[in-house]
Amino acid sequence: MQAHWPELAGGFETGAVSDMAFAESVVRHYQLTLAPAEFLAEFRSAAVGFYEGALSLLAELGERHRVLSLSNINPVQWPKVLADLGECDPFHAHHPSHLSGLRKPDLRVFQAVARLLSTGSTIHFFDDRWENVNAARSCGWHAERVRGVAQARAACQRAGLLG
């Protein structure tokens, strides 16, 4: 399933394809028995929250650093992500792909975020996909591949980001 996902979700995650067009293409591609509207309802509910300990790590980082999210996400699942954050959102800013029109690993998304920061800022980037890490590195970011909160915390400690 993942092999075809980037081609099916790419336009949807950059805001170029509507919810219904995306749902219709997924239903057709995978020959699902769900109607597109039913698929969208299931897809919306499939958005998972944050790993245990992730928000506290981000809050800890946010005490000393500016913390940004850079997400390949769509307009159907984004509201759930924001709702899961609630009033204790540890991020200083969000950069979701469906609003920017750019998704990782496109170098332009990293360049656009860097332009929003102070000149000379050191940017640390943590992601679970090598292609995103390599793209960030090519833009001069300090980037590391991590999987899960324990690896993210260890990477932050190695980088001297935690007190």
Side-chain angles (χ1 to χ4, degrees), residues 1-16 22 26 42-163:
M1 178 168 176
Q2 285 187 339
H4 297 285
W5 193 253
E7 66 191 49
L8 292 170
F12 184 45
E13 288 181 346
T14 58
F22 166 71
V26 170
E42 293 293 324
F43 187 69
R44 182 175 290 109
S45 68
V48 295
F50 292 86
Y51 294 121
E52 185 176 333
L55 295 178
S56 61
L57 172 59
L58 293 167
E60 188 177 344
L61 286 166
E63 292 174 5
R64 297 179 54 207
H65 308 282
R66 187 165 163 84
V67 178
L68 312 175
S69 71
L70 181 57
S71 302
N72 289 349
I73 195 160
N74 58 73
V76 169
Q77 294 179 327
W78 183 241
K80 170 112 173 39
V81 170
L82 292 178
D84 286 349
L85 290 171
E87 293 181 23
C88 299
D89 185 346
F91 294 100
H92 294 97
H94 296 283
H95 301 279
S97 61
H98 73 282
L99 295 180
S100 71
L102 301 169
R103 65 193 294 272
K104 303 174 291 184
D106 187 330
L107 296 180
R108 295 175 299 170
V109 73
F110 298 98
Q111 294 161 349
V113 169
R115 281 192 299 273
L116 297 172
L117 303 174
S118 301
T119 304
S121 293
T122 300
I123 304 171
H124 292 269
F125 176 77
F126 304 99
D127 198 280
D128 63 344
R129 301 183 62 95
W130 276 115
E131 59 266 28
N132 298 336
V133 168
N134 291 333
R137 286 177 178 166
S138 75
C139 291
W141 294 19
H142 298 269
E144 190 169 336
R145 180 177 180 261
V146 296
R147 292 192 157 219
V149 177
Q151 284 186 12
R153 180 173 287 282
C156 290
Q157 288 171 333
R158 283 191 302 276
L161 300 174
L162 295 171

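Once rounded to the nearest 0.5 Å, the distance linking CD1 of I123 with CZ of R66 reads 11.0 Å. To the nearest 0.5 angstrom, C156 atom SG is 11.0 Å from R64 atom CZ. In this structure, the separation between CG on D84 and CG on D89 is 11.0 Å, given to the nearest 0.5 Å. Rounding to the nearest 0.5 Å gives a distance of 5.5 Å between CZ of F12 and CZ of F43. To the nearest 0.5 angstrom, L116 atom CG is 10.5 Å from S121 atom OG.
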I would like to know whether E60 and R153 meet salt bridge (charged side-chain N to carboxylate O under 4.0 Å, His left out); could you show each step before the answer?
CA-CA 10 Å; E60 188 177 344; R153 180 173 287 282; 3.1 Å; yes
Tell me, with the steps shown, if V113 and L70 meet side-chain contact (heavy atoms from CB on, under 4.5 Å).
CA-CA 9 Å; V113 169; L70 181 57; 4.0 Å; yes
Can you list the steps and then say if R145 with D127 is a salt bridge (charged side-chain N to carboxylate O under 4.0 Å, His left out)?
CA-CA 5 Å; R145 180 177 180 261; D127 198 280; over 6 Å; no
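Ring orientation note: the planes of H124 and H142 are close to parallel, at an angle under 30° on the 30°/60° scale.
Contact check for L68 versus H95: side-chain heavy atoms found under the 4.5 Å cut-off. Inter-residue side-chain proximity for C88 and L55 is flagged as unmet; no heavy-atom pair is nearer than 4.5 Å. Side-chain contact check for L61 versus F91: every heavy-atom pair is 4.5 Å or farther apart. For the pair K104 and F110, the minimum side-chain heavy-atom distance is below 4.5 Å. In this structure, the side chains of N74 and F22 stay at 4.5 Å or more apart for every pair of heavy atoms.
Residues H92 and H65 come closest through the heavy atom pair CE1-O, 3.1 Å. For K80 against A47, the heavy-atom pair with the smallest separation is CE-O, 3.4 Å. Closest non-hydrogen pair, S97 versus E13, comes out as OG-O, 2.5 Å. In terms of heavy-atom proximity, F125 sits nearest to N132 at CE2-O, 3.7 Å. Shortest non-hydrogen contact noted between L85 and P90 is CD2-CD, 3.9 Å. The two residues Q77 and A46 come nearest to each other via the heavy atoms NE2-C, 4.1 Å.
Listed by chain and number, the residues in a side chain to side chain donor-acceptor pair (under 3.5 Å) with S69 are H94 (sequence neighbours excluded). For the side chain to side chain contact (heavy atoms under 4.5 Å, CB included) test, residues two or more places apart in sequence or in another chain that qualify with V149 are Y51, A54, L57.
Shown here is R137, whose CZ atom has more than 12 heavy atoms of other residues, nucleotides or ligands within 6.0 Å. Applying the 6.0 Å contact sphere to CD of Q157 captures more than 12 heavy atoms from other residues, nucleotides or ligands.
Within the 3.5 Å criterion, the main-chain N or O of H98 finds no donor-acceptor partner in the side chain of T14.
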